[in-house]
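In what follows, chains are A, B, ... by sequence order, proteins preceding strands, each numbered from 1.
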Amino acid sequence: MIAVGILILSFFLDGISSNYLMWMPSFTFLTLLFIYPLFYKKEGKYLTILVITSLFYDLAYTNILLWSTVLYLAVYFFFLRYRKKIGLLEGMLAFIVISFLGYSLLRSIGYSKDIFLFLQTVITALPLVFLYEMLLSFLLFRIHPKRKMNY
Amino acid sequence: MRKVKIWIHKNQIAVFLLVLFIFLFYLSFTVYKKESLWPIERFCKDVVLSIQNIVTPKYQVNYQSVIDTFTKDKEEELQSLRKLLDLTNNSSFSLEHASIINRNASYYFDEITINKGKEQGIDVDMLAITEEGLVGKVKYVTKNTAVIKLLTAQDNSFKVSVSIMSGNNIYHGIITGYNEKEECILVTSVRGQSEIEVGSQVITNGLGNLYPKGIEVGKVSSIEMDSVGVNKILKIESKVDFKNLKYVSIIKGVKE
(Lines give C-alpha, C1' and ligand atoms only; values in the text may rest on other atoms or scores of the structure.)
Protein backbone atom coordinates (compact mmCIF):
# COMPACT_ATOMS: atom_id res chain seq x y z
CA MET A 1 0.00 0.00 0.00
CA ILE A 2 2.85 2.35 0.88
CA ALA A 3 4.52 1.42 -2.39
CA VAL A 4 1.41 2.57 -4.25
CA GLY A 5 1.52 5.81 -2.25
CA ILE A 6 5.12 6.43 -3.35
CA LEU A 7 4.06 5.60 -6.90
CA ILE A 8 1.29 8.24 -6.83
CA LEU A 9 3.71 10.82 -5.41
CA SER A 10 6.22 10.00 -8.16
CA PHE A 11 3.47 10.37 -10.74
CA PHE A 12 2.75 13.94 -9.64
CA LEU A 13 6.46 14.66 -9.17
CA ASP A 14 6.97 13.78 -12.84
CA GLY A 15 4.37 16.33 -13.89
CA ILE A 16 5.63 19.11 -11.64
CA SER A 17 9.34 18.55 -12.34
CA SER A 18 8.72 18.72 -16.10
CA ASN A 19 8.36 22.49 -15.66
CA TYR A 20 11.85 22.81 -14.24
CA LEU A 21 13.97 19.98 -15.67
CA MET A 22 14.84 19.51 -19.32
CA TRP A 23 16.26 16.06 -18.55
CA MET A 24 13.51 14.02 -17.00
CA PRO A 25 14.57 11.11 -14.82
CA SER A 26 11.05 9.60 -15.12
CA PHE A 27 10.30 9.19 -11.42
CA THR A 28 7.23 7.00 -12.08
CA PHE A 29 9.22 4.52 -14.13
CA LEU A 30 11.98 4.30 -11.50
CA THR A 31 9.42 3.75 -8.75
CA LEU A 32 7.78 0.97 -10.79
CA LEU A 33 11.19 -0.67 -11.07
CA PHE A 34 12.02 -0.41 -7.41
CA ILE A 35 8.71 -1.69 -6.10
CA TYR A 36 8.99 -4.79 -8.31
CA PRO A 37 10.73 -6.95 -5.67
CA LEU A 38 7.85 -6.22 -3.28
CA PHE A 39 5.60 -8.21 -5.60
CA TYR A 40 7.61 -11.40 -5.38
CA LYS A 41 5.41 -14.26 -6.68
CA LYS A 42 2.64 -11.72 -7.36
CA GLU A 43 3.52 -10.93 -10.96
CA GLY A 44 -0.13 -10.51 -11.96
CA LYS A 45 -0.73 -7.86 -9.31
CA TYR A 46 2.47 -6.04 -10.31
CA LEU A 47 1.51 -6.11 -13.99
CA THR A 48 -1.92 -4.67 -13.16
CA ILE A 49 -0.32 -1.79 -11.25
CA LEU A 50 2.21 -1.25 -14.05
CA VAL A 51 -0.45 -1.12 -16.77
CA ILE A 52 -2.85 1.13 -14.79
CA THR A 53 -0.05 3.55 -13.83
CA SER A 54 1.35 3.78 -17.34
CA LEU A 55 -2.13 4.25 -18.82
CA PHE A 56 -2.81 7.12 -16.41
CA TYR A 57 0.62 8.54 -17.23
CA ASP A 58 -0.26 8.55 -20.94
CA LEU A 59 -3.73 9.95 -20.38
CA ALA A 60 -2.42 12.83 -18.29
CA TYR A 61 0.99 13.66 -19.69
CA THR A 62 2.10 12.16 -23.01
CA ASN A 63 -0.90 12.65 -25.37
CA ILE A 64 0.02 9.26 -26.92
CA LEU A 65 -2.19 6.59 -25.41
CA LEU A 66 -0.28 3.30 -24.79
CA TRP A 67 3.14 4.93 -25.31
CA SER A 68 4.40 4.47 -21.74
CA THR A 69 2.43 1.24 -21.39
CA VAL A 70 4.31 -0.35 -24.30
CA LEU A 71 7.68 0.95 -23.09
CA TYR A 72 7.16 -0.16 -19.50
CA LEU A 73 5.85 -3.57 -20.58
CA ALA A 74 8.85 -4.01 -22.90
CA VAL A 75 11.21 -3.27 -20.02
CA TYR A 76 9.26 -5.69 -17.82
CA PHE A 77 9.26 -8.55 -20.33
CA PHE A 78 12.80 -8.17 -21.67
CA PHE A 79 14.63 -6.93 -18.59
CA LEU A 80 12.81 -6.85 -15.27
CA ARG A 81 11.34 -10.38 -15.40
CA TYR A 82 14.80 -11.89 -15.39
CA ARG A 83 16.00 -9.91 -12.38
CA LYS A 84 14.54 -10.54 -8.99
CA LYS A 85 16.83 -7.96 -7.39
CA ILE A 86 16.85 -4.37 -8.51
CA GLY A 87 19.84 -2.30 -7.48
CA LEU A 88 21.08 1.18 -8.31
CA LEU A 89 23.01 0.07 -11.40
CA GLU A 90 20.14 -2.06 -12.72
CA GLY A 91 17.84 0.95 -12.30
CA MET A 92 20.19 3.20 -14.26
CA LEU A 93 20.57 0.55 -16.93
CA ALA A 94 16.79 0.19 -17.24
CA PHE A 95 16.49 4.00 -17.52
CA ILE A 96 19.02 4.01 -20.37
CA VAL A 97 17.23 1.08 -22.05
CA ILE A 98 13.81 2.75 -21.90
CA SER A 99 15.24 6.07 -23.12
CA PHE A 100 16.86 4.38 -26.15
CA LEU A 101 13.74 2.34 -26.82
CA GLY A 102 11.60 5.49 -26.87
CA TYR A 103 14.13 7.29 -29.05
CA SER A 104 14.31 4.37 -31.52
CA LEU A 105 10.53 4.10 -31.81
CA LEU A 106 10.10 7.83 -32.48
CA ARG A 107 13.02 7.84 -34.89
CA SER A 108 11.56 4.90 -36.81
CA ILE A 109 8.46 6.98 -37.61
CA GLY A 110 10.55 9.99 -38.63
CA TYR A 111 10.21 12.07 -35.45
CA SER A 112 13.92 12.40 -35.05
CA LYS A 113 16.14 14.34 -32.73
CA ASP A 114 19.87 14.65 -32.98
CA ILE A 115 21.46 11.57 -31.39
CA PHE A 116 24.15 13.61 -29.61
CA LEU A 117 21.60 15.97 -28.08
CA PHE A 118 19.59 12.93 -27.01
CA LEU A 119 22.66 11.30 -25.45
CA GLN A 120 23.46 14.55 -23.68
CA THR A 121 19.93 14.58 -22.22
CA VAL A 122 20.21 11.00 -20.98
CA ILE A 123 23.66 11.52 -19.45
CA THR A 124 22.54 14.74 -17.76
CA ALA A 125 19.59 12.89 -16.23
CA LEU A 126 21.72 10.07 -14.77
CA PRO A 127 22.88 11.85 -11.58
CA LEU A 128 19.28 12.65 -10.66
CA VAL A 129 18.25 9.08 -11.53
CA PHE A 130 20.94 7.88 -9.12
CA LEU A 131 19.80 10.25 -6.36
CA TYR A 132 16.16 9.28 -6.76
CA GLU A 133 17.10 5.60 -6.70
CA MET A 134 19.00 6.21 -3.44
CA LEU A 135 15.92 7.90 -1.99
CA LEU A 136 13.63 5.11 -3.16
CA SER A 137 15.88 2.36 -1.85
CA PHE A 138 16.15 4.16 1.50
CA LEU A 139 12.38 4.62 1.79
CA LEU A 140 11.52 1.11 0.68
CA PHE A 141 14.21 -0.41 2.89
CA ARG A 142 12.84 1.47 5.89
CA ILE A 143 9.30 0.39 5.09
CA HIS A 144 10.00 -3.18 4.08
CA PRO A 145 13.29 -4.19 5.77
CA LYS A 146 12.63 -7.90 5.31
CA ARG A 147 12.13 -7.92 1.59
CA LYS A 148 14.66 -9.57 -0.68
CA MET A 149 16.31 -6.67 -2.38
CA ASN A 150 19.92 -6.01 -3.13
CA TYR A 151 20.91 -2.39 -2.57
CA MET B 1 -8.21 -20.84 -27.48
CA ARG B 2 -5.60 -23.42 -26.62
CA LYS B 3 -4.70 -23.77 -30.30
CA VAL B 4 -4.22 -20.00 -30.57
CA LYS B 5 -1.92 -20.04 -27.55
CA ILE B 6 0.13 -22.85 -29.05
CA TRP B 7 0.32 -21.03 -32.41
CA ILE B 8 1.48 -17.80 -30.69
CA HIS B 9 4.06 -19.76 -28.71
CA LYS B 10 5.38 -21.37 -31.87
CA ASN B 11 5.49 -18.10 -33.84
CA GLN B 12 6.74 -15.73 -31.17
CA ILE B 13 8.97 -13.70 -33.51
CA ALA B 14 6.22 -13.28 -36.12
CA VAL B 15 3.73 -12.18 -33.43
CA PHE B 16 6.27 -9.75 -31.98
CA LEU B 17 6.96 -8.21 -35.40
CA LEU B 18 3.23 -7.95 -36.14
CA VAL B 19 2.56 -6.19 -32.82
CA LEU B 20 5.53 -3.88 -33.41
CA PHE B 21 4.28 -2.99 -36.90
CA ILE B 22 0.77 -2.25 -35.63
CA PHE B 23 2.15 -0.12 -32.80
CA LEU B 24 4.41 1.85 -35.15
CA PHE B 25 1.45 2.48 -37.45
CA TYR B 26 -0.63 3.66 -34.48
CA LEU B 27 2.28 5.79 -33.20
CA SER B 28 2.75 7.40 -36.59
CA PHE B 29 -0.95 8.21 -36.80
CA THR B 30 -1.00 9.67 -33.28
CA VAL B 31 2.09 11.82 -33.75
CA TYR B 32 1.26 13.20 -37.21
CA LYS B 33 -2.49 12.91 -37.76
CA LYS B 34 -4.26 12.97 -34.42
CA GLU B 35 -6.40 16.11 -34.35
CA SER B 36 -8.03 15.99 -30.96
CA LEU B 37 -7.73 14.23 -27.65
CA TRP B 38 -10.09 11.40 -26.82
CA PRO B 39 -12.78 12.19 -24.19
CA ILE B 40 -11.02 10.04 -21.58
CA GLU B 41 -7.74 11.83 -22.29
CA ARG B 42 -9.41 15.23 -21.91
CA PHE B 43 -11.02 14.15 -18.64
CA CYS B 44 -7.81 12.73 -17.12
CA LYS B 45 -5.77 15.73 -18.25
CA ASP B 46 -8.24 18.10 -16.65
CA VAL B 47 -8.31 16.19 -13.36
CA VAL B 48 -4.57 15.49 -13.00
CA LEU B 49 -3.36 18.87 -14.23
CA SER B 50 -5.93 20.73 -12.13
CA ILE B 51 -4.38 19.10 -9.05
CA GLN B 52 -0.92 19.91 -10.39
CA ASN B 53 -1.97 23.47 -11.15
CA ILE B 54 -2.51 24.07 -7.42
CA VAL B 55 1.13 23.41 -6.56
CA THR B 56 2.68 24.89 -9.70
CA PRO B 57 3.79 28.49 -9.14
CA LYS B 58 1.97 31.08 -11.22
CA TYR B 59 4.09 33.62 -13.02
CA GLN B 60 3.15 37.24 -13.16
CA VAL B 61 2.84 37.96 -16.85
CA ASN B 62 4.32 41.23 -18.00
CA TYR B 63 1.04 42.17 -19.67
CA GLN B 64 2.18 45.51 -20.98
CA SER B 65 5.22 44.14 -22.76
CA VAL B 66 3.14 41.41 -24.40
CA ILE B 67 0.54 43.95 -25.51
CA ASP B 68 3.32 46.21 -26.78
CA THR B 69 4.40 43.42 -29.08
CA PHE B 70 1.29 44.11 -31.10
CA THR B 71 0.41 47.67 -30.42
CA LYS B 72 2.72 50.52 -29.46
CA ASP B 73 6.14 49.31 -30.58
CA LYS B 74 4.86 47.62 -33.68
CA GLU B 75 2.20 50.06 -34.75
CA GLU B 76 4.40 52.12 -37.01
CA GLU B 77 5.94 49.02 -38.52
CA LEU B 78 2.55 47.41 -38.98
CA GLN B 79 1.13 50.49 -40.66
CA SER B 80 3.91 50.49 -43.25
CA LEU B 81 3.53 46.76 -43.69
CA ARG B 82 -0.21 47.12 -44.21
CA LYS B 83 0.39 49.78 -46.83
CA LEU B 84 2.93 47.61 -48.59
CA LEU B 85 0.77 44.54 -48.47
CA ASP B 86 -2.36 46.55 -49.18
CA LEU B 87 -4.04 44.98 -46.24
CA THR B 88 -6.77 46.65 -44.27
CA ASN B 89 -6.67 46.95 -40.53
CA ASN B 90 -9.68 44.78 -39.91
CA SER B 91 -8.19 42.17 -37.66
CA SER B 92 -9.29 41.95 -34.08
CA PHE B 93 -7.81 39.75 -31.42
CA SER B 94 -7.41 39.52 -27.70
CA LEU B 95 -4.77 37.88 -25.56
CA GLU B 96 -5.27 35.18 -22.94
CA HIS B 97 -2.30 34.92 -20.60
CA ALA B 98 -1.51 31.49 -19.16
CA SER B 99 1.11 29.73 -17.04
CA ILE B 100 2.82 26.57 -18.21
CA ILE B 101 1.91 23.66 -15.94
CA ASN B 102 3.51 20.74 -17.78
CA ARG B 103 6.01 19.88 -20.49
CA ASN B 104 5.71 16.67 -22.47
CA ALA B 105 8.88 14.64 -22.00
CA SER B 106 7.80 12.03 -24.55
CA TYR B 107 8.08 14.58 -27.34
CA TYR B 108 11.43 15.82 -26.02
CA PHE B 109 9.64 18.77 -24.39
CA ASP B 110 8.29 20.05 -27.71
CA GLU B 111 4.79 20.22 -26.25
CA ILE B 112 3.71 22.32 -23.29
CA THR B 113 0.45 22.37 -21.39
CA ILE B 114 -1.03 25.63 -20.08
CA ASN B 115 -3.59 26.25 -17.36
CA LYS B 116 -6.23 27.76 -19.66
CA GLY B 117 -8.60 25.89 -21.96
CA LYS B 118 -11.95 25.91 -23.70
CA GLU B 119 -13.64 27.67 -20.78
CA GLN B 120 -11.34 30.65 -21.31
CA GLY B 121 -12.10 30.71 -25.04
CA ILE B 122 -8.97 28.93 -26.24
CA ASP B 123 -9.31 26.74 -29.31
CA VAL B 124 -7.19 24.55 -31.58
CA ASP B 125 -4.76 26.31 -33.98
CA MET B 126 -4.60 29.57 -32.01
CA LEU B 127 -1.10 31.03 -31.80
CA ALA B 128 0.95 31.20 -28.60
CA ILE B 129 3.39 34.07 -28.12
CA THR B 130 5.60 35.74 -25.55
CA GLU B 131 6.96 39.27 -25.66
CA GLU B 132 9.95 37.82 -27.56
CA GLY B 133 7.78 36.51 -30.39
CA LEU B 134 5.99 33.47 -31.75
CA VAL B 135 6.22 30.32 -29.63
CA GLY B 136 3.86 27.76 -31.14
CA LYS B 137 0.23 26.93 -31.71
CA VAL B 138 -2.52 25.17 -29.79
CA LYS B 139 -2.73 21.51 -30.76
CA TYR B 140 -5.25 20.10 -28.30
CA VAL B 141 -7.67 21.77 -25.96
CA THR B 142 -9.56 20.47 -22.92
CA LYS B 143 -11.98 22.21 -20.58
CA ASN B 144 -9.27 23.81 -18.42
CA THR B 145 -6.00 23.12 -20.22
CA ALA B 146 -4.48 23.43 -23.66
CA VAL B 147 -1.53 21.66 -25.27
CA ILE B 148 0.76 23.86 -27.34
CA LYS B 149 3.04 22.48 -30.02
CA LEU B 150 6.24 24.50 -29.96
CA LEU B 151 8.03 25.76 -33.06
CA THR B 152 10.88 23.43 -32.09
CA ALA B 153 8.77 20.31 -32.84
CA GLN B 154 9.95 17.93 -35.52
CA ASP B 155 6.68 16.79 -37.06
CA ASN B 156 6.52 19.51 -39.75
CA SER B 157 2.85 20.19 -39.01
CA PHE B 158 3.53 23.77 -38.01
CA LYS B 159 2.91 25.59 -41.26
CA VAL B 160 2.54 29.31 -40.70
CA SER B 161 2.81 31.80 -43.53
CA VAL B 162 5.37 34.54 -42.88
CA SER B 163 6.67 37.71 -44.50
CA ILE B 164 10.35 38.59 -44.72
CA MET B 165 10.98 42.35 -44.58
CA SER B 166 14.15 43.02 -46.53
CA GLY B 167 14.72 46.71 -47.17
CA ASN B 168 11.68 48.02 -49.00
CA ASN B 169 10.76 44.58 -50.27
CA ILE B 170 8.53 41.97 -48.74
CA TYR B 171 8.86 38.29 -49.54
CA HIS B 172 6.73 35.39 -48.42
CA GLY B 173 7.62 31.99 -47.04
CA ILE B 174 6.31 29.21 -44.81
CA ILE B 175 7.66 27.97 -41.49
CA THR B 176 8.29 24.27 -42.01
CA GLY B 177 10.60 23.07 -39.30
CA TYR B 178 13.32 23.64 -36.76
CA ASN B 179 17.05 22.98 -36.86
CA GLU B 180 17.88 21.89 -33.33
CA LYS B 181 21.64 21.85 -33.83
CA GLU B 182 21.76 25.49 -34.91
CA GLU B 183 18.67 26.35 -32.85
CA CYS B 184 16.93 28.17 -35.67
CA ILE B 185 13.51 28.10 -37.35
CA LEU B 186 13.42 27.02 -40.99
CA VAL B 187 11.43 29.01 -43.53
CA THR B 188 10.99 27.49 -46.99
CA SER B 189 9.08 28.23 -50.22
CA VAL B 190 10.85 31.59 -50.56
CA ARG B 191 11.34 32.51 -54.23
CA GLY B 192 14.88 31.87 -55.43
CA GLN B 193 15.15 35.34 -57.08
CA SER B 194 14.26 37.20 -53.88
CA GLU B 195 16.96 39.52 -52.56
CA ILE B 196 16.91 38.85 -48.87
CA GLU B 197 19.60 40.14 -46.55
CA VAL B 198 20.82 38.49 -43.38
CA GLY B 199 19.23 40.28 -40.42
CA SER B 200 15.89 40.88 -42.19
CA GLN B 201 12.91 40.72 -39.89
CA VAL B 202 10.42 37.87 -40.22
CA ILE B 203 6.80 38.31 -39.12
CA THR B 204 3.54 36.45 -39.64
CA ASN B 205 1.57 37.83 -42.58
CA GLY B 206 -1.93 36.65 -41.72
CA LEU B 207 -2.50 35.10 -45.14
CA GLY B 208 -5.26 32.53 -45.11
CA ASN B 209 -7.08 34.38 -42.33
CA LEU B 210 -5.98 31.78 -39.80
CA TYR B 211 -3.50 33.87 -37.86
CA PRO B 212 -3.09 37.56 -37.13
CA LYS B 213 -0.38 39.39 -39.02
CA GLY B 214 2.58 41.22 -37.55
CA ILE B 215 3.76 38.72 -34.92
CA GLU B 216 7.50 38.65 -34.70
CA VAL B 217 9.11 35.30 -35.54
CA GLY B 218 12.77 36.34 -35.59
CA LYS B 219 15.56 37.54 -37.83
CA VAL B 220 17.19 35.85 -40.81
CA SER B 221 20.52 34.36 -39.73
CA SER B 222 21.51 32.53 -42.93
CA ILE B 223 20.21 31.90 -46.45
CA GLU B 224 20.75 28.92 -48.72
CA MET B 225 19.18 27.44 -51.87
CA ASP B 226 17.15 24.23 -51.64
CA SER B 227 18.37 20.98 -53.22
CA VAL B 228 16.52 21.67 -56.49
CA GLY B 229 17.91 25.21 -56.71
CA VAL B 230 14.49 26.83 -57.17
CA ASN B 231 13.58 28.19 -53.75
CA LYS B 232 15.52 29.58 -50.82
CA ILE B 233 15.67 28.13 -47.33
CA LEU B 234 16.01 30.71 -44.59
CA LYS B 235 17.30 30.05 -41.12
CA ILE B 236 15.57 32.29 -38.61
CA GLU B 237 17.01 33.13 -35.23
CA SER B 238 14.25 33.57 -32.66
CA LYS B 239 14.62 35.63 -29.49
CA VAL B 240 12.41 33.13 -27.64
CA ASP B 241 14.20 30.85 -25.17
CA PHE B 242 12.13 27.72 -25.78
CA LYS B 243 13.83 25.84 -22.95
CA ASN B 244 12.89 28.35 -20.27
CA LEU B 245 9.30 29.24 -21.04
CA LYS B 246 7.25 30.00 -17.95
CA TYR B 247 4.18 31.58 -19.45
CA VAL B 248 2.67 32.32 -22.83
CA SER B 249 -0.15 34.43 -24.23
CA ILE B 250 -2.70 32.93 -26.59
CA ILE B 251 -4.05 35.09 -29.39
CA LYS B 252 -7.81 34.70 -29.51
CA GLY B 253 -9.78 35.70 -32.56
CA VAL B 254 -8.54 36.65 -36.00
CA LYS B 255 -9.93 38.61 -38.93
CA GLU B 256 -13.54 39.66 -38.70
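- One distance of note links CD1 of A:Ile64 with CD of B:Glu41; it measures 9.5 Å at 0.5 Å rounding.
- Proximity to chain A involves both the backbone and the side chain of B:Ile40, based on heavy atoms less than 4.5 angstrom apart.
- Summarising the local packing, CD of B:Glu180 is surrounded by more than 12 heavy atoms from other residues, nucleotides or ligands at distances under 6.0 Å.
- Between B:Lys181 atom NZ and A:Phe116 atom CZ the span is 7.0 Å, to the nearest 0.5 Å.
- Minimum interatomic distance between A:Leu66 and B:Phe23 (heavy atoms only, all atoms of both residues): O-CE1, 4.0 Å.
- Highest contact tally toward chain B, considering only A:Leu105, A:Leu117, A:Leu59, is held by A:Leu59 [criterion: heavy-atom pairs under 4.5 Å].
- Within 6.0 Å of atom CZ in A:Phe77, more than 12 heavy atoms from other residues, nucleotides or ligands are found, so the atom counts as buried in its surroundings.
- Listed here is the closest heavy atom pair of B:Tyr32 and A:Gly110: OH-C, 3.2 Å.
- Note on B:Asn102, B:Thr113, B:Asn244: by heavy-atom pairs under 4.5 Å with chain A, the leading option is B:Asn102.
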Going through the distances and angles, do B:Asp110 and A:Tyr111 end up as a side chain to side chain donor-acceptor pair (under 3.5 Å)? CA-CA 11 Å; B:Asp110 288 339; A:Tyr111 197 95; 3.1 Å; yes
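- Within 6.0 Å of CG in A:Leu89 there are 12 or fewer heavy atoms belonging to other residues, nucleotides or ligands.
- Note: B:Tyr26 OH to A:Trp67 CH2 = 10.5 Å, rounded to the nearest 0.5 Å.
- When all heavy atoms of B:Trp38 and A:Leu65 are compared, the pair lying nearest together is CZ3-CD2, 3.1 Å.
- Of all non-hydrogen atoms in B:Leu49 and A:Ala60, the two that sit nearest each other are CD1-O, 4.3 Å.
- In B:Lys232, the NZ atom is crowded: over 12 heavy atoms of neighbouring residues, nucleotides or ligands sit closer than 6.0 Å.
- Annotation: B:Ile13, atom CD1; neighbour count of heavy atoms from other residues, nucleotides and ligands within 6.0 Å does not exceed 12.
- Contacts between B:Val147 and chain A at a heavy-atom distance below 4.5 Å involve the side chain alone, from C-beta outward.
- Using a 4.5 Å cut-off between heavy atoms, B:Phe29 makes no contact with chain A at all.
- More than 12 non-hydrogen atoms from other residues, nucleotides or ligands lie less than 6.0 angstrom from CE of B:Met225.
- The 12-atom threshold is not exceeded at CD of B:Glu35, counting heavy atoms of other residues, nucleotides or ligands nearer than 6.0 Å.
- We find the CD1-CG distance between A:Ile109 and B:Leu27 to be 4.0 Å, quoted to the nearest 0.5 Å.
- For A:Leu71, no part lies under 4.5 angstrom from a heavy atom of chain B.
- Between the CG atom in B:Leu24 and the CG atom in A:Leu106 there is a gap of 10.0 Å [rounded to 0.5 Å].
- One finds the CG atom of B:Leu20 at 7.5 Å from the OG atom of A:Ser108 (value rounded to the nearest 0.5 Å).
- Heavy-atom distances place no part of B:Leu245 under 4.5 Å from chain A, backbone and side chain included.
- Side-chain contact of B:Glu111 with A:Asn63: a donor-acceptor pair under 3.5 Å is present, judged by distance alone.
- A donor-acceptor pair under 3.5 Å links the side-chain atoms of B:Gln52 to the main chain of A:Gly15, judged by distance alone.
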